[in-house]
Every structure is written in C-alpha cells, then in structure tokens.
Protein chains: 2
Amino acid sequence: MAKPAPVSPLAPESFPALPVIKGVRFAAVEAGVRYQGRTDVMLALLDPGSVMAGVFTRSATRSAPVLDCQAKIGADSDAGAAIIVNSGNSNAFTGKNGVLSTQAVTEATAKACGLPAARVFSSSTGVIGEPLKHDRIIAKLDELNAKLDENGMQAAARAIMTTDTFPKGAMAEIEVGGKTVRIAGIAKGSGMIAPDMATMLVYIFTDAKIARADLQAIVSRLNDKTFNCITVDSDTSTSDTLLMGATGASGVDVTGNAAFEAALSDVMQDLAHQVVKDGEGATKFVTVNVTGAASDADARTHALSIANSPLVKTAIAGEDPNWGRIVMAVGKSGAAADRDTLSISFGDVLVAEKGWVAESYREEAGAALMKKPEITINVDIGIGQGKATVWTCDLTHGYITINADYRS
Amino acid sequence: MAKPAPVSPLAPESFPALPVIKGVRFAAVEAGVRYQGRTDVMLALLDPGSVMAGVFTRSATRSAPVLDCQAKIGADSDAGAAIIVNSGNSNAFTGKNGVLSTQAVTEATAKACGLPAARVFSSSTGVIGEPLKHDRIIAKLDELNAKLDENGMQAAARAIMTTDTFPKGAMAEIEVGGKTVRIAGIAKGSGMIAPDMATMLVYIFTDAKIARADLQAIVSRLNDKTFNCITVDSDTSTSDTLLMGATGASGVDVTGNAAFEAALSDVMQDLAHQVVKDGEGATKFVTVNVTGAASDADARTHALSIANSPLVKTAIAGEDPNWGRIVMAVGKSGAAADRDTLSISFGDVLVAEKGWVAESYREEAGAALMKKPEITINVDIGIGQGKATVWTCDLTHGYITINADYRS
C-alpha cells in the first residue's frame with residue numbers, strides 16, 4: 001500500500017457539527033479486516049418503527065452485499081434496522097464465498113441486535129477479489145453493540161473511509177409546525193489504490209416520519225440530481241450504495257413536505273460535492289451547466305461528455321481556458337447539437353458563440369478564471385429547453401500517481 | 001508550444017517502403033500555415049477515371065472541410081480528383097469564415113489542377129477556433145503542381161503530421177490473374193498540444209479498378225473493424241477523415257475480390273494500430289478481445305468500456321495485472337453480463353473465472369505479462385456468441401504532461 005495521500009486541497013475546513021438524530025445510534029471499532037491501527041467497522045442501529053430506503057449501483061457485476069441489500073430494501077417492517085459496514089475489503093467478485101460471507105455478517109448482526117436478518121443491511125468497501133475475513137467483523141459485534149451512541153456519527157464516517165483523504169458529513173434542519181426535523185448523513189468515496197475501487201457509500205438519517213414508499217420515491221428522485229450527477233473518472237464501482245433511514249422520532253410527518261425534500265436535497269448534494277472534492281488527484285472542482293439542449297436527457301449526455309472528457313479535464317488541470325475541447329466534447333456526445341448555435345462561457349465570461357470565439361473574449365479573462373479552485377463551465381446548445389448540471393474534478397498527475405505508480 | 005515529444009517507444013523501426021500507385025502523384029511544401037521550417041501542405045492528384053470513397057467523423061461539431069468532403073464524396077465522376085491537406089490549423093469551429101476558407105482552397109486547387117471544384121477534397125488539422133490563413137496555401141499551389149511525383153507519398157505523410165512523433169504508412173500487394181494490384185496509405189493522428197486536437201486523417205490509394213459504390217461499401221465495412229475500433233482517450237475529433245482513391249491504372253477489376261478486401265483490411269488495421277502506438281504518452285499497446293457476449297454490439301460496448309476506463313489504463317501503465325478493474329469496466333458498460341460466468345485472461349494466463357480469481361492464477365505470471373510492450377486482454381462474458389476486438393494504449397504521466405502542463 002502507498003503512504004496516505006495528503007488531504008485534498010478542496011476539502012472543507014472541518015467536519016460539520018452533526019445533530020443527534022433521535023432513534024439511531026452508531027458505533028465504530030477496530031476489527032483489523034485489512035487495515036491496522038484505525039477503525040474499520042461501523043454499526044448503525046435504528047429503533048423499531050424506522051423505515052429504510054436505498055439506491056444502488058447499476059453495475060452488472062454488483063457485489064454480494066449490494067445484491068443482499070437490494071433483496072431486502074423494498075420490504076415494510078416495524079422491527080427497526082441495522083446497517084453494518086466494513087472497510088478494507090469490498091467482498092466484490094468473490095463468487096459464492098462472498099455470498100456466504102455477507103450472509104454470515106448479516107445473520108450474526110441480526111442476532112446481536114435482536115433483529116430479523118431481513119432488517120440488517122451491509123456494505124463492504126476496499127480490496128476486491130479477496131475473501132472477506134467476516135469472522136473478524138463478527139467477533140466485534142458485542143463490542144459494537146456496547147458502544148452504540150447517538151453521538152457516534154462522525155466516528156462512523158471515519159470507520160468507512162478507504163483512500164478518502166477526509167471524512168464526509170452533512171446536515172440540515174427544518175421547522176415544521178414549531179417542531180424541528182433533522183437530517184444528517186455521512187459518505188465515503190474518493191480514490192483507489194490498486195486494486196481498491198472508488199466505492200461510494202452514503203448513509204443518511206432523519207427523525208422525520210414518512211412512509212417507506214414515499215421516502216424511497218424522494219431518495220430515488222434526489223439521487224438522480226445529486227450522486228448520479230457527479231463523476232470523477234467515469235468509472236463505476238461494483239459496490240455503490242446509498243441507504244437512508246427515517247426513525248420517525250420527531251413525530252413530524254413530512255409526507256408531501258417540499259421543505260423536507262429541499263433539505264434532503266441539500267444534504268445529498270453537499271455529500272456528493274465532497275466526494276468529487278476528494279477525487280483522486282483533484283485540484284479543481286468543476287460545475288458543468290448545460291442549457292438549451294433538445295431535452296433534459298440530451299443536456300445530461302452533453303454535460304457528462306464534457307465532464308468525462310480526458311482532454312477537457314487535463315485542460316482544467318493546466319488552467320487552460322481551452323474552449324475548443326468543450327466543442328469537441330459536445331460534438332462527440334451523440335446528443336443533438338449545432339455548431340453554429342453553441343455558446344460557451346467560463347463563469348460569467350462569454351468565450352464562444354455562433355460557431356466561433358466571441359468578439360468580446362480576451363484570453364486573459366478566461367485564463368484568470370481558470371486559476372480559481374472552483375470553476376463553472378456554462379454551455380448553451382441553443383436548440384431547445386433541456387438542461388442539466390453535473391460536477392467533476394480535473395485530471396492531474398496525482399490521478400496517475402495514485403492509480404498507476406503504486407502496485408498493490 | 002511545447003518542444004517536440006520524443007518518438008513513441010511503440011513506433012515501428014522505420015517508415016515502410018511504399019510502392020508507387022500508378023495514377024496518383026504527390027507533393028508537399030512549406031507554406032507556413034502555422035509551423036515554420038517544415039512541410040505543412042500536401043497535394044495528391046488522381047488521374048481521370050479514379051473513383052473516391054470516404055468516411056468521416058460523426059461529431060455534431062464537424063469542421064468545414066469535413067462537411068465539404070461529405071457533400072462531394074457520393075458523386076460519380078470521370079474527371080479525376082485532388083486531395084489537399086494542411087497541418088497547423090484545423091479550420092474547425094471557425095464559423096462562416098471557415099466555410100469560405102474551405103471554398104477558397106478547394107476552388108483554387110481545382111483551377112490549378114484543371115478539375116471541377118466538386119472533385120477537390122480538403123482536410124485541415126491543427127489548432128481550432130483560429131481563422132485558416134488559406135492565402136498561404138493558395139500561394140503554394142503552383143509549386144505543389146510542379147512538384148507532383150508518384151514517389152511522393154512519404155513526403156506527404158510527413159507534411160500532415162501535427163503532434164505525431166512518427167510518420168505513418170502501410171502497404172499491401174496482391175496478385176490477380178498474373179497482374180499485381182497495389183494498395184498504399186498514409187495516416188496522421190496522435191496527440192494534441194493545447195488547443196490542438198487528435199484529428200485522425202487517413203489517405204489510401206490503390207491502382208485497382210472498382211466501381212465507386214463498391215469501394216465505398218468496402219471502406220465503410222472495414223472502417224468499422226479498424227479505425228472505429230481504436231481509442232486513445234475516448235475523445236473524438238471534429239475533423240476525422242478517411243479518403244480512399246482507386247485509380248484503376250492496374251487494369252485489374254477487384255469487384256467482389258475477397259483477397260483485395262483482405263489486403264485493404266490489413267493496410268487499414270496497420271495504420272490504425274500505428275495511430276494507437278503514437279497515442280499521447282503511450283508506453284503499452286493493448287488489444288482487448290471480448291467473446292461470449294450477448295451480441296457483437298454488446299461485445300464492442302464491453303471492449304470499449306474496458307479500453308476507455310481510466311482505471312484499467314492506469315493499471316496497465318503501472319504494469320499491474322489488476323483484473324478487478326476489468327470486472328468493474330464490464331459491469332459498468334451497460335451491456336449484458338453475469339459476474340459468475342465472466343472469465344478474464346491476460347495473454348494466455350487465465351486470471352479469473354466463475355466470479356472469482358482462477359485457482360491456477362499466480363500473481364507473478366500476470367505481473368510478468370504486464371511488463372511487455374504489447375498486452376492482450378481476453379474477456380469471455382460467458383452468455384452468448386458476440387465478439388469484438390478493440391485496440392488502445394495505456395494512460396500515463398506523459399498524457400497529462402502533453403495535455404495539461406503546457407499552455408497554448
């Protein structure tokens with residue numbers, strides 16, 4: 001393993017103060033699954049009456065824990081729930097033994113927590129293709145149970161890190177009829193040191209009261225606008241998992257409450273941005289706004305083509321206002337475009353319009369904008385009303401160093 | 001501009017000895033379009049009776065010369081033809097002025113060569129978004145005409161280079177009824193120094209006799225198996241062009257001749273491989289074979305997902321037999337796959353099968369294979385009969401250096 005990378009230059013100044021979410025407690029321990037001298041297993045236990053929702057990687061080579069979560073997530077239950085997560089080993093591409101490991105962990109956790117196994121959700125992140133030493137996790141269940149603490153969310157955020165350079169948390173509060181509803185979440189996802197993979201894991205909790213199906217609908221909808229709109233290198237993990245639990249402990253029903261959905265959207269977007277800001281080798285956080293496309297789907301196709309283009313990403317790394325590469329990325333995306341109606345701006349500086357560089361554009365203005373750590377690229381396709389926003393980072397020597405220079 | 005990159009370690013030892021193709025002559029001159037002290041314009045003149053075929057970039061932001069070629073390529077004519085190409089400026093994203101520049105160059109070339117303008121095909125490659133100084137090209141047409149030489153193909157190959165580190169040529173000969181039919185071609189395509197783009201230009205000539213529509217059908221079919229199966233960084237130029245001219249001077253009709261199609265396939269594959277071997281920063285030439293997919297289209301989707309994955313490409317750069325990243329790339333491709341039927345080998349070393357690492361696999365064997373300059377990745381999806389092969393190179397610090405470190 002390589003030595004730890006320095007903290008991303010795009011990291012927040014500090015971990016946020018997360019509020020207690022009544023009805024859920026956390027614990028983290030050192031189980032030595034792979035790493036030594038750090039916590040690597042976390043347990044979250046939700047009280048009876050909690051509802052669970054989730055979204056998962058669409059990879060055709062999903063890991064055993066993902067398949068197990070997907071089988072369980074749609075069921076209604078009043079029994080409470082547990083989430084158990086280990087770092088160090090992803091239990092992905094581990095064949096039938098992987099399925100048995102997931103079963104062993106979830107069944108032992110169920111027993112330790114007094115839950116049916118159908119209410120235990122697990123994730124694993126880290127090295128792939130190696131057997132998960134699940135006995136090391138199971139051996140720590142009593143200790144985890146004894147340490148459960150409603151203030152334990154930050155410790156949980158640290159236990160799930162792999163090559164992340166900082167722990168990721170976000171929160172929001174809204175007032176509904178004089179009562180406070182709280183949302184708090186943690187995430188991991190960053191880089192990969194061979195042969196680790198950039199699994200993104202997200203766990204969000206609220207004390208709001210809401211039906212399972214309603215929560216699932218909101219989470220799925222918001223996921224499409226947040227986590228599904230970020231890209232570091234276009235590669236998709238076999239383990240990506242987002243789980244959300246609503247304990248109902250606030251007593252406030254948020255069914256149909258737009259403020260709740262907006263607050264949850266903020267939390268999810270904040271966590272999604274933190275994942276991008278911890279992208280391997282990232283030195284720039286880039287927002288790509290596409291407007292004027294034939295449809296929202298076309299706008300998203302253009303935006304992802306720009307955000308995933310190695311030529312665009314290396315130009316940003318080089319602080320080069322290279323609008324020609326953006327024209328190229330729009331042209332190759334496969335979505336409808338017309339060279340002569342395209343306009344491009346960096347921040348508020350109009351760079352190109354009507355098929356050519358803008359008359360008002362001065363290279364110095366573009367170059368100055370590119371020196372900032374956060375860059376916005378606005379592209380108007382000029383043929384319709386479709387729009388989309390995606391977020392990405394630049395492609396630097398740091399990415400190559402992390403992913404090519406070190407052997408596993 | 002950066003200083004010239006050293007010649008790719010994957011370059012052929014020398015430029016091949018190209019045969020004379022009766023009925024076509026070449027010239028190259030220094031026109032100073034952008035570069036100084038080197039040739040930058042080439043002219044190829046084909047005798048009356050020649051037929052022309054071509055394939056072009058599908059980019060929605062195609063350059064003016066590409067649009068002009070596309071408008072002309074489908075017409076039958078006995079008037080002969082000319083191909084005029086400049087390097088240094090791609091005349092892409094240059095608005096209406098770009099259209100006028102292309103018109104000026106093709107009309108002046110037509111006049112100088114005694115051809116209708118509809119028989120003059122042009123290409124431009126180099127910086128984008130800057131006006132093409134077409135007067136500099138037009139001023140050299142008399143000199144080009146005077147220098148036309150049936151032995152001028154290598155000089156032409158050099159004149160069309162931009163950031164290529166070596167000129168690219170390939171040839172084949174077949175015997176048909178005691179007569180020799182010859183094919184020879186040149187190509188450029190490599191890297192980009194901001195804001196240049198990796199335009200791929202290919203010009204192939206034969207003295208075979210064949211109807212235009214038949215030649216077009218063969219070229220389109222072979223293009224799908226050769227140039228459309230290579231990828232350096234998934235980015236597509238706005239100027240990619242392949243033109244083929246058949247002079248008929250051998251007197252040999254090759255209509256329906258399988259040997260001719262096989263020979264042309266070899267020439268196109270050879271040139272395509274040379275383009276990959278000159279990929280920016282490339283140190284490894286990688287063949288990705290996918291078999292057992294649900295369809296040929298699915299196999300191609302998987303193969304391109306592997307070949308374009310930054311994680312796979314950086315692992316190859318690091319000589320890391322990281323099969324987990326190949327599993328990831330198959331899983332994310334969107335085409336059908338089953339984790340538990342997937343098998344992967346590097347060369348003839350079986351690495352993974354039935355959802356897990358192969359029992360016979362030893363890391364040393366994989367690591368030894370990865371040290372070679374040419375690497376083959378074989379992936380059997382295990383669910384059908386579909387197959388595809390694509391070629392790519394690794395992703396190295398060299399790529400970042402070429403594309404990020406230097407400002408335009």
Side-chain angles (χ1 to χ4, degrees), chain A residues 57 59-62 92-98 128-129 192 194-195 197 233-238 308-311 314-315 317-320 322-325 327-333 335-340 342 352 354-357 394-397 399-401 403-408, chain B residues 57-62 92-97 128-129 192 194-195 197 233-238 308-311 314-315 317-320 322-325 327-333 335-340 342 352 354-357 394-397 399-401 403-408:
Chain A
T57 180
S59 170
T61 54
R62 288 185 277 267
F93 213 63
T94 44
K96 285 178 185 158
N97 285 338
I128 89 160
M192 23 233 136
M197 292 171 55
D233 57 8
S234 81
D235 280 338
T236 307
S237 157
T238 53
N308 282 325
S309 162
L311 285 176
T314 49
E319 302 186 335
D320 179 3
N322 194 321
W323 56 273
R325 294 185 183 179
V327 175
M328 176 280 301
V330 168
K332 76 163 183 168
S333 80
D338 179 340
R339 186 192 61 190
D340 296 335
L342 200 59
K354 295 176 193 158
W356 208 358
V357 64
D394 53 344
L395 174 56
T396 67
H397 281 289
Y399 183 89
I400 306 291
T401 298
N403 289 300
D405 290 359
Y406 301 113
R407 288 293 316 282
S408 54
Chain B
T57 180
R58 293 173 193 157
S59 169
T61 54
R62 286 186 278 267
F93 214 63
T94 44
K96 285 179 185 159
N97 285 338
I128 89 161
M192 23 233 138
M197 293 170 58
D233 57 9
S234 82
D235 280 338
T236 307
S237 156
T238 53
N308 282 324
S309 162
L311 286 176
T314 48
E319 302 187 336
D320 180 2
N322 195 322
W323 56 272
R325 294 185 182 179
V327 175
M328 175 280 302
V330 169
K332 76 162 183 169
S333 80
D338 178 340
R339 186 192 61 192
D340 295 336
L342 201 59
K354 294 175 193 158
W356 209 358
V357 65
D394 53 345
L395 174 57
T396 67
H397 281 290
Y399 183 89
I400 307 291
T401 298
N403 289 299
D405 290 1
Y406 300 112
R407 289 294 315 284
S408 54

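Lettering follows sequence order; numbering is per chain, from 1.
Interface summary for chain B: among Ala317(A), Gly98(A), Gly129(A), the most heavy-atom pairs under 4.5 angstrom belong to Gly129(A). Put simply, of Val327(A), Val357(A), Asp340(A), Val330(A), the one with the most heavy-atom pairs under 4.5 Å next to chain B is Val327(A).
Across all non-hydrogen atoms, the minimal contact from Trp356(A) to Asn97(B) is CZ3-ND2, 2.8 Å. Scanning both residues, Leu311(B) and Tyr399(A), for their nearest heavy atoms gives CD2-OH, 3.4 Å.
Only the backbone of Thr396(B) comes within contact range of chain A, with at least one heavy atom under 4.5 Å from a heavy atom of that chain.
Atom CD1 of residue Ile128(B) and atom CG of residue Asn322(A) lie 7.5 Å apart, to the nearest 0.5 angstrom. Atom-to-atom distance recorded for Asn308(A):CG and Asn308(B):CG is 10.5 Å, nearest 0.5 angstrom.
Between His397(B) and Thr401(A), some side-chain heavy-atom pair lies under the 4.5 Å cut-off.
Side chain of Arg339(B) to main chain of Phe93(A): no donor-acceptor pair is present (N/O by atom type, distance under 3.5 Å, no hydrogens or angles).
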